Amino acid sequence: MSIRVAIAGPRGKMGAEAVHTVMKHDKMELVAVLDYKEVGATLADLPMFPASYTVPIFTDMHELVEVTAPDVLVDLTNPHAVYKHTKEALNLSVRPVIGTTGFTDAQLEELSALAKEKELGCIIAPNFAIGAILMMKFAKEAAKYLPDVEIIEMHHDQKLDAPSGTGVKTAQMIQEVRAQKAQGHPEEKETLEGARGADFDGMRIHSVRLPGLVAHQQVLFGGDGQLLTIRHDSLNRNSFMSGVAFCVEEVMKMDQLVYGLENII
Ligand SMILES: NC(=O)C1=CN([C@@H]2O[C@H](COP(=O)(O)OP(=O)(O)OC[C@H]3O[C@@H](n4cnc5c(N)ncnc54)[C@H](O)[C@@H]3O)[C@@H](O)[C@H]2O)C=CC1
Ligand SMILES: O=C(O)C1=N[C@H](C(=O)O)C[C@H](O)C1
């Protein structure tokens, strides 16, 4: 039996790619999409999709669920909409697969408790690309031996959140194994605010935004007379799609929230 999938944010860069991925998948059926404004009756009304994509567009999650009964909601929207969507989906017994970044710790905790209460799978994946997951895992391993680390994440200039979800997740994974440490000179002073980047538990995260970039990250480690750089580059959004499809299948087998694909691959 096919997994019934709904996608929030179908006109976005990631959402449009996910629409094609689900439409082509032999174990999934795209039953609906969620937009925030009226743009047409079905995807076929939008110039970016072929006429054969007669998938209905909704602007209200409750109506979408009532009419099309999805098993899974894939959210690829923005940091302002995603928390509400995730909560609504869980309350309507739909399993969320969330690629959108920008959650606060408090929101993650609340959603985790809600998924547990509802006994529903929910995946919040700051990065769907396997190479990025490996980069984070390798960085965590390296930080056991080289605790001086700085993260440089680089993205296209349309990105709303900084630091990136991947940058934050990398720092959180490193934090699990690294003794708290404020890096740099104890008396260092910024003569220009922000020069040393964001401070995460003494680690610095630097966010670069430029047209031409897609999604890239370097984790730099410094030791006595040596440097280690772990780098990942997503060169297009197709790099995320096998992860999206994997999560849609996995979330059907789960009964709680998982934050980060490294916990299930
Ligand atoms: N987890 C991962 O591997 C990846 C995550 N992302 C994240 O996915 C999100 C989307 O990224 P992009 O596609 O690049 O952004 P985008 O700006 O191209 O697309 C976002 C879409 O969401 C729509 N939208 C906004 N509010 C909405 C609402 N309330 N309901 C329905 N749709 C709404 C917008 O109309 C827009 O079409 C971002 O948070 C980004 O950080 C992006 C790439 C990979
Ligand atoms: O906005 C993006 O593009 C991306 N967002 C995610 C993040 O914030 O880490 C994943 C990937 O880096 C692309």
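No experiment lies behind these values; they were computed from the predicted model shown. Each ligand, and each atom within it, is numbered from 1 in the order the structure gives.
Less than 4.0 angstrom separates some heavy atom of R11 from each of these atoms of ligand 1: 35 (O), 37 (O). Proximity to A215 (heavy-atom distance under 4.0 Å) selects the following atoms of ligand 2: 11 (C), 12 (O), 13 (C). Close approach to N127 involves these atoms of ligand 2, each under 4.0 Å from a residue heavy atom: 10 (C), 11 (C), 12 (O). Close approach to N127 involves these atoms of ligand 1, each under 4.0 Å from a residue heavy atom: 1 (N), 2 (C), 3 (O). Near L76, meaning under 4.0 Å from any of its heavy atoms, are these atoms of ligand 1: 10 (C), 20 (C), 21 (C), 22 (O).
Put simply, the side chain of K144 never gets that close to the backbone of I174: no donor and acceptor are under 3.5 Å apart. The closest donor-acceptor contact from the side chain of Q107 to the backbone of T104 lies under 3.5 Å. For the pair N238 (side chain) and M241 (backbone), a donor-acceptor distance under 3.5 Å is absent. In terms of modelled atom types and a separation under 3.5 Å, the side chain of D71 and the main chain of I3 share no donor-acceptor contact. The main-chain N or O of T68 is found under 3.5 Å from a side-chain atom of R4 such that the two form a donor-acceptor pair. In this structure, R178 contributes its side chain and P147 its backbone to a donor-acceptor pair below 3.5 Å.
Residue, atom and distance of the protein heavy atom nearest to atom 42 (C) of ligand 1 are M14 CG, 3.5 Å. Here the protein heavy atom with the shortest distance to atom 15 (O) of ligand 1 is K13 NZ, 4.0 Å. Among all protein heavy atoms, the one lying closest to atom 19 (O) of ligand 1 is G12 CA, 3.2 Å. The protein atom (non-hydrogen) at minimum distance from atom 28 (C) of ligand 1 is Y36 CB, 3.5 Å. Here the protein heavy atom with the shortest distance to atom 12 (O) of ligand 2 is H155 NE2, 2.6 Å. Ranking protein heavy atoms by distance to atom 9 (O) of ligand 2, first place goes to T166 OG1, 2.5 Å. Looking from atom 7 (C) of ligand 1 to the surrounding protein, the closest heavy atom is G99 O, 3.5 Å. Annotation: atom 30 (N) of ligand 1 to nearest protein heavy atom, H85 CE1, 3.3 Å. The protein heavy-atom contact nearest to atom 26 (N) of ligand 1 is N78 ND2, 3.5 Å. Looking from atom 22 (O) of ligand 1 to the surrounding protein, the closest heavy atom is T77 CA, 3.4 Å.
Where the criterion is an N or O separation shorter than 3.5 Å, residue side chain and backbone included, F128 meets it with respect to ligand 1. Polar contact check, A8 against ligand 1: no nitrogen or oxygen pair lies under 3.5 Å apart. For ligand 1, the polar-atom distance check against P79 finds no nitrogen or oxygen pair separated by under 3.5 Å. Residue A125 has at least one N or O atom closer than 3.5 Å to an N or O atom of ligand 1. The N/O atoms of T101, backbone and side chain alike, include one that comes under 3.5 Å of an N/O atom in ligand 1. Ligand 2 has no nitrogen or oxygen under 3.5 angstrom from a nitrogen or oxygen of G167.
Looking at P126 against ligand 1, only its backbone comes within 4.0 Å, counting heavy atoms. Contacts between F240 and ligand 1, counted as non-hydrogen atom pairs separated by less than 4.0 Å, involve the side chain only. Only backbone heavy atoms of L34 (N, CA, C or O) come within less than 4.0 Å of ligand 1; its side chain stays farther off. Residue contacts with ligand 2 for P126 involve N, CA, C or O but no side-chain atom from C-beta outward (heavy atoms, distance under 4.0 Å). Under 4.0 angstrom from ligand 2, the non-hydrogen atoms of T101 all belong to its side chain. Contacts between S234 and ligand 1 below 4.0 angstrom, taking non-hydrogen atoms only, are absent altogether. Under 4.0 angstrom from ligand 2, the non-hydrogen atoms of H156 all belong to its side chain.
Contact between K37 and ligand 1 is absent, with no heavy atom of the residue lying under 4.0 Å from the ligand. For M14, the closest heavy-atom approach to ligand 2 does not fall below 4.0 Å. Judged by the shortest distance from any of its heavy atoms, K159 lies inside the 4.0 Å radius around the atoms of ligand 1.
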- Query: Would K181 and D148 count as a salt bridge (charged side-chain N to carboxylate O under 4.0 Å, His left out) if you check the C-alpha gap in whole Å, the side-chain angles of each, and the deciding distance to 0.1 Å?
  - Reply: CA-CA 8 Å; K181 170 172 194 186; D148 285 273; 2.6 Å; yes
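Residues K140 and E262 are not paired through a salt bridge, judged by the lack of any N-O separation under 4.0 Å between the basic side chain and the carboxylate. Comment: K84 engages E88 in a salt bridge, judged by a side-chain N to carboxylate O separation of less than 4.0 angstrom.
Heavy-atom minimum distance, V251 versus P96: CG2-O, 3.8 Å.
A side-chain N or O of D161 and one of T101 form a donor-acceptor pair less than 3.5 Å apart. Side-chain contact check for E153 and H155: at least one donor-acceptor pair (N or O, by modelled atom type) lies under 3.5 Å.
The one candidate from H206, H232, R231 that meets the side-chain contact (heavy atoms from CB on, under 4.5 Å) condition with Q218 is R231.
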